[in-house]
2 protein chains.
Amino acid sequence: MNSDEGRAPSAGGTRVNVLRLSGPCARWDEQDTDFIREILDLVGDKWSMLVIGALAGGDARYSDLDTMIPAISRRMLTLTLKRLQRDGLIDRTAYAEVPPRVEYSLTGLGASLLSAIQHLAAWSSEHHTEVRRHQDAYDRNATRGESPGP
Amino acid sequence: MNSDEGRAPSAGGTRVNVLRLSGPCARWDEQDTDFIREILDLVGDKWSMLVIGALAGGDARYSDLDTMIPAISRRMLTLTLKRLQRDGLIDRTAYAEVPPRVEYSLTGLGASLLSAIQHLAAWSSEHHTEVRRHQDAYDRNATRGESPGP
DNA sequence: CGGCATCCTAACAGATACTG
DNA sequence: CAGTATCTGTTAGGATGCCG
């Protein structure tokens, strides 16, 4: 598990890594807390990662995205797109035609996030079965004894 | 950027990768949408990732976590811990002492997620400045013209 | 110390109808 | 086609107080 590769002290390294080696993996300080908070603000909502993922395959129009992302409402699609655009993760290009055509695409910044998102998807792909097993086991233990029976 | 390393078709590969090579990075299908949804269900809330991060440094007691994670309420800490435990990401060990002592720790499953979370934190660490720049620029453009002046 | 129960609110998100 | 606008419901999450 090479979890340090992304932690290069790129420019003048503001980070001070205080290691606590007692645990399974270590390397976590207060700043990470802030970083996680920030990225949750960016893509921690219900749709942002899905939109970014949908754009991984290349540019797409508004209606394409509406189709590609199951069950999203036009309202949420619009809000999510605006937000991602504000954050600089996607670009919006409107063509002055009739009927109007608008294309969305990942910026370099957005594409760089894709790798991290796919990491999450990969984890989920590999472990979701195990997660379900734990959930079921936990729920069985919790449910047992609630209706003590006759 | 080796974004394919996590996508190994480990066992009997249920995945069928339909590539669309028109975009910047490609490799995204419908299943990924589901995977992202699932992992957002797991750790897409406000505190789960922070708790997991806090446990990266090793076992911790309830009150330790309360201290380590700024601004979390006891209610949310309790709820988050229970949830993570149900998902099999953390373990809870209660020692029958007075005063009571309870230790939380990452399971193997939880530790394996840590790598993906740190990926996100690393991205945020590297790019949050740029994100802010985009946001500010966007907001300046949006604000300009709203009060047209005398 | 380590919770759980209760109340309350704000943000998130869905449905629907309308517009340029 | 690509959005806005409004109205409404659901739920995450905060504050507080009590209990084993």
Tell me what Tyr95(B) touches on the nucleic acid: a base, only sugar-phosphate, or nothing, going by heavy atoms under 4.0 Å. nothing
Glu103(B) CD to dC1(C) C1', straight-line distance once rounded to whole Å: 13 Å
Quick one: Asp64(B) CG to dC1(C) C1', roughly how many Å, whole number? 11 Å
Without decimals, in angstroms, what is the distance between Leu81(A) CG and dC1(D) P? 16 Å
If I take atom CD in residue Glu97(B) and atom P in nucleotide dG2(C), what distance separates them, rounded to the nearest angstrom? 10 Å
Here the distance between atom C1' of dG14(C) and atom CG of Asp45(A), to the nearest Å, is 15 Å
Closest listed nucleotide, where the reference is the side chain of Pro100(A) and the choices are dG3(D), dA13(C), dC1(D): dC1(D)
With a 4.0 Å cut-off, would you call Asp66(B) and Arg61(B) a salt bridge? no
Indicate, with a heavy-atom threshold strictly under 4.0 Å, whether Arg61(B) touches base, sugar-phosphate, or nothing. sugar-phosphate
Heavy-atom side-chain proximity of Gln85(A) to Asp91(A) below 4.5 angstrom: no
Would you indicate whether the side-chain heavy atoms of Met49(A) and Ile117(A) approach each other to under 4.5 Å? yes
Out of dG14(D), dC4(C), dA2(D), which has the shortest distance to the side chain of Ser73(B)? dG14(D)
Using a cut-off of 4.0 Å on non-hydrogen atoms, how would the nucleic acid contact of Arg83(B) be classed: base, sugar-phosphate, or nothing? nothing
Without decimals, in angstroms, what is the distance between Leu79(B) CG and dT16(D) C1'? 15 Å
So, does Lys82(B) get its side chain near the phosphate of dG3(C), meaning an N or O under 4.0 Å from OP1 or OP2? no
Nearest whole Å is fine: how far is dG14(D) P from Leu77(B) CG? 11 Å
Within the structure, does a side-chain N or O atom of Lys46(B) lie under 4.0 Å from either OP1 or OP2 of dG14(D)? yes
What distance separates Glu30(A) CD from Phe35(A) CZ, expressed to the nearest 0.5 Å? 11.5 Å
Can you tell me how far CG of Asp64(B) sits from CG of Leu55(B), rounded to the nearest 0.5 angstrom? 10.0 Å
From the candidates dA13(C), dG2(C), dG14(D), the one with an atom nearest any side-chain atom of Met76(A) is dA13(C)
Quick one: does Arg74(A)'s side chain get under 4.5 Å of Tyr62(A)'s, heavy atoms only? yes
For a quick check, tell me whether the side chain of Arg75(B) and the base of dG3(C) share a donor-acceptor pair closer than 3.5 Å. no
Shortest side-chain distance from Pro99(B), nucleotide among dC1(C), dC1(D), dG2(C): dC1(C)
Assign each of Thr78(B) and Ile72(A) the nucleotide of DNA chain C bearing its closest heavy atom; nearer the 5' end lies the nucleotide of Thr78(B)
Arg74(A) CZ to dA5(D) P, straight-line distance once rounded to whole Å: 14 Å
As a test of reading the structure: which of dG3(D), dG14(D), dG3(C) is closest to the side chain of Tyr62(B), going by heavy atoms? dG3(C)
Under 4.0 angstrom, heavy atoms only, what part of the nucleic acid is Asp66(B) near: base, sugar-phosphate, or nothing? nothing
